[in-house]
Amino acid sequence: QVQLVESGGGLVQAGGSLRLSCAASGRIFVASAMGWFRQAPGKERESVASISWSGGREFYADSVKGRFTISRDTTKDTIYLKMNSLEPEDTAVYYCAASLKAIAKLSGDEYEYWGQGTQVTVSS
């Protein structure tokens, strides 16, 4: 059984930083692309970033390019999302997702497994 557990969310002022973590279990991690998505109240889920199984390819939504960085540590079966220069518009529940593909981009349809989410709130 695949489990994804996010952590690291919280309240931060605009311009600040946070690092989200997603710990994976269930033999999904090694050969799987992973991604981060978010959903703000009253809005549809949107993609944030993804990383290939090897970590060699990364994809970012235009809204976070240059501010967010996705990474993975295969020794810990964990992926991270470092978020800098946070804006109130980044406020959302952030979800980690795992794909059965080695490379998956920014479509939620490419991901089969999802975490429960972690809240990020950016105050102005």
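Keep in mind it's a predicted model, so treat the numbers as computed, not measured.
- Counting heavy atoms from C-beta outward, C96 and I79 have side chains that approach closer than 4.5 Å.
- For the pair Y60 (side chain) and I70 (backbone), a donor-acceptor distance under 3.5 Å is present.
- What you find for D90 and V122 is that their closest heavy atoms are CB-CG2, 4.3 Å.
- In plain terms, the two heavy atoms of F59 and L106 that are nearest each other are O-CD2, 3.9 Å.
- Of all heavy-atom pairs spanning E110 and A104, the tightest one is OE1-CA, 3.7 Å.
- With respect to E46 and R38, a salt bridge is recorded, a charged nitrogen being found less than 4.0 Å from a carboxylate O.
- With rounding to the nearest 0.5 Å, the separation of NZ in K43 from OG1 in T91 is 9.5 Å.
- Considering only heavy atoms from C-beta on, D77 stays 4.5 Å or farther from R72 through its side chain.
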Quiz item: Step by step, would you call W36 with E6 a side chain to side chain contact (heavy atoms under 4.5 Å, CB included)?
Solution: CA-CA 10 Å; W36 287 98; E6 303 96 335; 3.9 Å; yes
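- Looking at V93, L20, L18 one by one, the single match for side chain to side chain contact (heavy atoms under 4.5 Å, CB included) with T118 turns out to be L20.
- Judged by distance alone, the side chains of D73 and T78 never bring a donor and an acceptor atom under 3.5 Å apart.
- Using a 4.5 Å heavy-atom threshold, the side chains of L81 and V48 count as touching.
- Within the 3.5 Å criterion, the main-chain N or O of K105 finds a donor-acceptor partner in the side chain of S50.
- Looking at Q3, its side chain never comes within 3.5 Å of a backbone N or O of S25 through a donor-acceptor pair.
- Across every non-hydrogen atom of Q39 and A92, the tightest pair is O-CB, 3.4 Å.
- The backbone N or O of S99 sits less than 3.5 Å from a side-chain atom of S32, completing a donor-acceptor pair.
- Between Y94 and F68, the ring planes are tilted. Angles from 30° to 60° get that label.
- Under the 4.5 Å side-chain contact rule for hydrophobic residues, L4 and I51 share a cluster.
- Here CG of L100 is found 11.5 Å from OH of Y111. Values are rounded to the nearest 0.5 Å.
- Remark: side-chain polar atoms of R67 are paired, donor with acceptor, to backbone N or O of S63 under 3.5 angstrom.
- The minimum heavy-atom distance between K82 and S17, with the atom names listed, is CE-CB, 4.1 Å.
- Note that CD of E58 is 7.5 Å distant from OG of S71, once rounded to the nearest 0.5 Å.
- Between S52 and I103, the shortest heavy-atom distance links the atoms CB-CG1, 3.8 Å.
- Taking CZ of F37 as the start and OH of Y95 as the end, the distance is 12.5 Å to the nearest 0.5 Å.
- If you take OG on S85 and CE on M83, they are separated by 11.5 Å, rounding to the nearest 0.5 Å.
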